Amino acid sequence: MAGVRTRLLQLTLPLVRSHGFTRHALAQSVLALPAPHPEPLSDTAVSALFGEGDEARRTLIEAWLDEGRKQMRHAPSRSIKDVLAARLRYNESVVDLLPEAFATLVTPEGIPFVDPRPALSHAAKVADEACNVVNDQSVGPSWYARRTSIAAIYTAAGVTTPTNVTKDSRGFP
């Protein structure tokens, strides 16, 4: 069943642009199979494959984030700048959906507080993948310092993506 789940998640990723990070997008994934299913998955099937309630949405969001990290490997060069830019470009088509997606990740079901660990974990994973892509050879304290600074830069850059920065007449922020 893990193989089916993984395949359906991959088929759902292109649907995020039109359906958002929703259970509906997950249900529609079977329509993109090589031998399409005659109808979308039922809510019960979505729950069985991806989780109950918002857990299914979290599964889809995590799959999106994982794929974005994989796409970093296809950056035009092996510089940290290009690798992080590739990661940010991956989000461009869904940037308007990301605030709600991250809110879903950081708000545990049934718990009335915000858990910052998913956001911090995402930034750390992106920084680690960026360092791996550029073959960073840091060791010891510099390994941690490098990844921490890259995570901070990525997080700051994500907050100021081109779609939410006001630019002057010359195109400068």
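As the structure is a prediction and not an experimental result, all values here were calculated from the model.
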Nearest heavy-atom neighbours spanning [X] and [Y]:
{"X": "Ala56", "Y": "Gly51", "result": "CB-O, 3.4 Å"}
{"X": "Tyr154", "Y": "Ala123", "result": "CD2-CA, 4.3 Å"}
{"X": "Arg78", "Y": "Val134", "result": "O-CG1, 2.7 Å"}
{"X": "Ala127", "Y": "Ala151", "result": "CB-N, 3.6 Å"}
{"X": "Leu84", "Y": "Ala130", "result": "CD2-CB, 4.1 Å"}
{"X": "Ile150", "Y": "Cys131", "result": "CD1-SG, 3.5 Å"}

Roughly how far, to the nearest 0.5 Å, is the [atom2] atom of [Y] from the [atom1] atom of [X]?
{"X": "Leu60", "Y": "Glu55", "atom1": "CG", "atom2": "CD", "value": "12.0 Å"}
{"X": "Glu62", "Y": "Phe21", "atom1": "CD", "atom2": "CZ", "value": "10.5 Å"}
{"X": "His122", "Y": "Asp66", "atom1": "NE2", "atom2": "CG", "value": "10.0 Å"}
{"X": "Leu98", "Y": "Thr104", "atom1": "CG", "atom2": "OG1", "value": "11.0 Å"}
{"X": "Thr59", "Y": "Leu26", "atom1": "OG1", "atom2": "CG", "value": "8.0 Å"}

Practice item. Apply side chain to side chain contact (heavy atoms under 4.5 Å, CB included) to Thr22 and list each qualifying residue two or more places apart in sequence or on a separate chain. Key: His19, His24, Ala25
**Study point:** With Arg87 via side-chain hydrogen bond (donor to acceptor under 3.5 Å, both in side chains) - residues at least two apart
**Key:** Asn91
Revision key, fill the gap. Applying side-chain hydrogen bond (donor to acceptor under 3.5 Å, both in side chains) to Gln28 and not counting sequence neighbours gives none
Exercise for review: Sort and list the pairs that fulfil side-chain hydrogen bond (donor to acceptor under 3.5 Å, both in side chains) and have at least one residue in residues 38-48, not counting sequence neighbours.
Suggested key: Arg23-Asp43, Arg23-Ser47
Check your understanding: Members other than Leu120 in its cluster, when Ile, Leu, Val, Met, Phe, Trp, Tyr link by side-chain heavy atoms under 4.5 Å?
Key -> none
Check your understanding: Who else is in the cluster with Trp143 when I, L, V, M, F, W and Y are joined by side-chain contacts under 4.5 Å?
Key -> Tyr144
Point to revise | Derivation and outcome, side chain to side chain contact (heavy atoms under 4.5 Å, CB included), residues Leu33 and Leu8 | key: CA-CA 8 Å; Leu33 287 167; Leu8 291 178; 4.3 Å; yes
Exercise for review: Please answer: with hydrophobic residues joined when any side-chain heavy atoms are less than 4.5 Å apart, are Met72 and Ile80 in the same cluster?
Suggested key: yes
**Study point:** Path from Leu31 to Leu15 over hydrophobic side-chain contacts below 4.5 Å
**Key:** no
Got a salt bridge between [X] and [Y], using NZ or NE/NH1/NH2 to carboxylate O under 4.0 Å?
{"X": "Arg89", "Y": "Glu92", "result": "no"}
{"X": "Lys70", "Y": "Glu129", "result": "no"}
{"X": "Asp136", "Y": "Arg147", "result": "yes"}

Check your understanding: Do the side chains of Phe50 and Arg5 get nearer than 4.5 Å, heavy atoms only?
Key -> yes
Review point. With distance as the sole test, does Asn132 use its side chain to make a donor-acceptor pair with the main-chain N or O of Asp128 at under 3.5 Å?
Key: yes
Review point. Do any N or O atoms from the side chain of Thr6 and from the backbone of Gly3 form a donor-acceptor pair under 3.5 angstrom?
Key: no
Exercise for review: Please indicate whether Gln10 has more than 12 foreign heavy atoms, meaning atoms of other residues, nucleotides or ligands, lying under 6.0 Å from its CD.
Suggested key: yes
Point to revise | Qualifying residue, where the test is side-chain contact (heavy atoms from CB on, under 4.5 Å) with Phe102 and the options are Thr107, Leu65, Ile61 | key: Leu65
Check your understanding: Centroid-to-centroid, His74 to Tyr90, below 6.0 Å?
Key -> no
